[in-house]
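Please read the structure below before turning to the comments.
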Amino acid sequence: MLLKSAYAPLLSSAQRLSLSTVTNSLTHQQCPQTVRQNVPVLLELPQLPPASAYVHLPFCRKRCHYCDFPIIALGSSSNHEHDPRISSYVDTLCREIRATKLPSSSFPPLETVFLGGGTPSLVPPLLVSSVLDALSAKFGLCGDAEISMEMDPGTFNAAAMKELMSLGVNRVSLGVQSFQAELLRSCGRAHGVDEIFEAVEIVKTCGVENWSVDLISSLPHQSPAMWEESLQLTVAAGPTHVSVYDLQVEQDTKFGVLYTPGEFPLPSENQSADFYKMASTMLGNAGYEHYEISSYCKSGYRCKHNSTYWKNKSFYAFGLGSASHIGGVRFSRPRRLKDYDNYVQDLENGAADTRSDGIVENKDLAMDVTMLSLRTSDGLDLRSFREAFGDSILVSILEVYRPYLDSGLVICLDEQRRNVAADEVVVSSSFNEKLAYLRLSDPDGFLLSNELIALAFGVISP
């Protein structure tokens with residue numbers, strides 16, 4: 001799934017470098033990124049060369065009723081292995097990768113790759129291999145790189161799963177969305193409930209250790225009992241990661257035409273909040289860490305790629321409509337296929353460049369850091385923030401959060417991540433050295449994240 005920019009993603013035989021060769025040569029290679037001395041970490045991270053890449057594979061059997069991502073609908077055929085639309089797009093995608101200008105003369109091999117869509121599992125493994133080979137040849141790939149792939153039930157079998165694993169895919173994000181047939185139909189999903197259980201069985205039988213289930217709450221006509229059942233069945237399936245997304249009704253989608261947020265048959269705002277709280281409670285009780293607003297995982301299974309986003313690190317992006325973040329600058333590729341083709345041709349001819357020599361203002365960076373950090377359970381590192389942006393702005397943020405510290409929606413932590421009582425958070429003209437982190441409470445603070453983050457923005461950029 002494309003990362004929303006709301007805070008705003010074929011080699012010749014002579015050039016070809018197989019993924020297995022690169023992987024074997026880097027198996028024991030460590031992939032550190034050196035931070036320059038005397039530069040605040042929060043200012044340095046966005047400027048470091050990327051070690052992550054998002055690749056957009058936009059193919060779907062049909063467009064879901066809530067989806068506004070750039071996709072290419074292939075139709076309901078069960079065999080897309082020789083579809084010229086896929087092979088043509090992958091060729092253009094690999095050309096983009098090869099033509100991309102490197103951000104510096106010294107750059108690290110990729111530590112994470114995320115194949116998102118669309119439905120990437122509709123792309124034949126041979127063409128997935130072409131994409132991974134192109135990335136390996138251009139950037140290198142760590143031997144222990146996390147390579148994630150979004151896969152939908154009903155779009156792959158055990159043979160395809162094993163072939164993808166042999167190429168290096170070691171993390172699967174399974175687009176379940178709901179376990180109720182009537183909700184799947186109402187959303188325009190192409191799969192049924194039986195295909196969900198078949199997909200889960202394939203993933204587990206093939207030995208995929210690191211896999212996630214995606215669910216959507218607040219769907220039309222979704223009842224609390226339905227949502228509870230979906231969560232129960234997810235826990236029973238035993239994924240190492242669960243992503244829970246609240247339905248966003250976007251303009252120019254079928255749902256955008258049919259429904260108004262908060263009005264029947266969509267749940268009310270309070271009902272949506274209850275769905276969120278139910279997920280937090282049930283997944284927490286099942287041993288999942290709620291490490292980001294929409295993300296839960298078993299111990300040790302945080303999504304490394306998505307953590308790149310939350311830490312405001314730089315990342316490459318390739319493909320239709322994808323958005324990269326390099327040198328502090330976010331750049332979105334065209335969403336229309338013809339425009340994307342023209343962009344890649346311009347890139348090859350030297351007439352397009354995703355890099356920028358522009359200066360990113362500190363206040364913009366401070367807002368990025370604040371928003372992304374407060375989406376996570378780790379929260380905002382107050383000492384790093386102070387080092388990068390100064391005492392005054394940090395004290396002002398603590399002042400504006402004073403009522404929410406008192407109510408428990410915002411929490412301060414010390415160096416050992418122990419709660420600091422609200423009455424101990426003394427806000428004065430100087431920073432309280434006891435404070436180390438600031439986070440939103442789970443689930444109530446997370447539920448009000450938009451409003452709370454907006455308050456911080458008002459302080460940073462009044």
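This structure is a prediction, so every number in the text was calculated from the model and none was measured.
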Report task. Take N312 and L365 through the test side chain to side chain contact (heavy atoms under 4.5 Å, CB included) and record every step on the way to the result. Result -> CA-CA 9 Å; N312 203 35; L365 181 55; 3.2 Å; yes
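- The residues D152 and R189 are annotated as salt-bridged, a charged nitrogen and a carboxylate oxygen being separated by less than 4.0 angstrom.
- The nearest pair of heavy atoms linking V200 to A237 is CG1-CB, 4.1 Å.
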- Task: List the steps, then state whether side chain to side chain contact (heavy atoms under 4.5 Å, CB included) holds for C187 with L184.
- Result: CA-CA 5 Å; C187 290; L184 293 173; 6.0 Å; no
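- Ion pairing of R330 with D364 is absent here, as no side-chain N (NZ or NE/NH1/NH2) approaches a carboxylate O to less than 4.0 Å.
- Below 30°, between 30° and 60°, or above 60°: for F331 and Y343 the angle between ring planes is between 30° and 60°, a tilted geometry.
- Note that OG1 of T119 and NE2 of H191 are 10.0 Å apart. Values are rounded to the nearest 0.5 Å.
- The closest donor-acceptor contact from the side chain of S332 to the backbone of A323 lies at 3.5 Å or more, if one exists at all.
- Side-chain atoms of S461 do not come within 3.5 Å of backbone N or O of F457 as any donor-acceptor pair.
- The backbone N or O of M226 sits nowhere less than 3.5 Å from a side-chain atom of E229 that would complete a donor-acceptor pair.
- Closest approach of V249 to G256, counting heavy atoms only: CG1-CA, 3.6 Å.
- Using a cutoff of 4.0 Å between basic side-chain nitrogens and carboxylate oxygens, R98 and E348 are not scored as salt-bridged.
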message = Under the criterion side-chain hydrogen bond (donor to acceptor under 3.5 Å, both in side chains), I'd like the reasoning laid out for Y301 against E209: C-alpha separation, chi angles, the key distance, then a yes or no.
response = CA-CA 10 Å; Y301 287 97; E209 178 185 339; 2.3 Å; yes
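- Between the CD atom of E451 and the CG atom of L409 there is a distance of 10.5 Å, given to the nearest 0.5 Å.
- Using cut-offs of 30° and 60° for the angle between ring planes, the Y309 and H305 rings count as perpendicular.
- Between the side chain of Q222 and the backbone N or O of S218, at least one donor-acceptor pair lies under 3.5 Å.
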- Item | side chain to side chain contact (heavy atoms under 4.5 Å, CB included) between Q232 and F179, intermediate numbers included | CA-CA 10 Å; Q232 288 172 338; F179 280 88; over 6 Å; no
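- Aromatic rings of F59 and Y89 (six-membered ring for Trp) have centroids within the 6.0 Å cut-off, being under it.
- Y401 and L455 make their closest contact through CE2-CB, 4.2 Å (heavy atoms, listed as atom of the first residue, atom of the second, distance).
- Ring geometry, H290 versus F446: the interplanar angle exceeds 60°, so the pair is classed perpendicular (tilted spans 30 to 60°).
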Inset, instruction - Let me see the working for S280 and D442 under side-chain hydrogen bond (donor to acceptor under 3.5 Å, both in side chains), right down to the final yes or no. - result: CA-CA 8 Å; S280 179; D442 175 18; 2.9 Å; yes
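- A salt bridge between D339 and R335 is absent, with no side-chain N of the basic residue lying under 4.0 Å from a carboxylate O of the acidic one.
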(message) Run Y340 and E96 through side-chain hydrogen bond (donor to acceptor under 3.5 Å, both in side chains) and show every step you take.
(response) CA-CA 10 Å; Y340 172 65; E96 182 193 0; 2.6 Å; yes
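- Tested against L438 for a side chain to side chain contact (heavy atoms under 4.5 Å, CB included), the candidates L394, L413, L398 yield a single pass: L398.
- The backbone N or O of Q416 lies less than 3.5 Å from a partner atom in the side chain of D414, making a donor-acceptor pair.
- In this structure, G321 and P70 approach most closely via the heavy-atom pair CA-CG, 4.0 Å.
- Salt bridge D381/K311: absent, no basic N to carboxylate O contact under 4.0 Å.
- Here the straight-line distance linking atom CG of L320 with atom CG of L93 works out to 10.0 Å at 0.5 Å rounding.
- Looking at E111 and K304, no side-chain N of the basic residue comes within less than 4.0 Å of a carboxylate O on the acidic one, giving no salt bridge.
- Counting only distance, with no hydrogens or angles, the side chain of K313 and the backbone of S52 share no donor-acceptor pair below 3.5 Å.
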**Request:** For F139 and Y316, run ring pair (Phe, Tyr, Trp, His ring centres under 6.0 Å): C-alpha distance rounded to whole Å, both residues' side-chain angles, the deciding distance at 0.1 Å, then the answer.
**Result:** CA-CA 10 Å; F139 306 107; Y316 301 107; 4.3 Å; yes
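- A side-chain donor-acceptor contact under 3.5 Å links T240 to the backbone of W211.
- Aromatic ring centroids of H241 and Y291 lie under 6.0 Å apart.
- From D68, atom CG reaches atom CD of E250 across 4.5 Å, with rounding to the nearest 0.5 Å.
- A distance of 6.5 Å separates CG of L380 from CD1 of I397, quoted to the nearest 0.5 Å.
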Please walk me through it: do S230 and Q180 pass side-chain hydrogen bond (donor to acceptor under 3.5 Å, both in side chains)?
CA-CA 8 Å; S230 285; Q180 290 76 42; 3.1 Å; yes
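- With hydrogens and angles ignored, the 3.5 Å screen pairs a side-chain donor or acceptor of K138 with a backbone N or O of T100.
- A donor-acceptor pair under 3.5 Å is formed between the side chain of R333 and the backbone N or O of S322.
- Cation-pi check for K298 over Y288 is met; the charged atom lies under 6.0 angstrom from the ring centroid and within 45 degrees of its normal.
- Side-chain atoms of S295 never come within 3.5 Å of backbone atoms of E292 as a donor-acceptor pair (strictly under, hydrogens ignored).
- Closest heavy-atom contact between L452 and G445: CD1-O, 3.7 Å.
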Apply the test side chain to side chain contact (heavy atoms under 4.5 Å, CB included) to residues Y66 and I216: give CA-CA distance (whole Å), side-chain angles for both, the deciding distance (0.1 Å), then the verdict.
CA-CA 11 Å; Y66 51 78; I216 299 179; 3.6 Å; yes
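- One distance of note links CD1 of I147 with CG of L135; it measures 8.5 Å at 0.5 Å rounding.
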Problem - Verdict with supporting geometry, E415 and K434, salt bridge (charged side-chain N to carboxylate O under 4.0 Å, His left out) - result: CA-CA 8 Å; E415 186 66 36; K434 182 177 182 178; over 6 Å; no
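- Between D378 and R439 there is no salt bridge, since none of the side-chain N atoms of the basic residue sits less than 4.0 Å from a carboxylate O of the acidic one.
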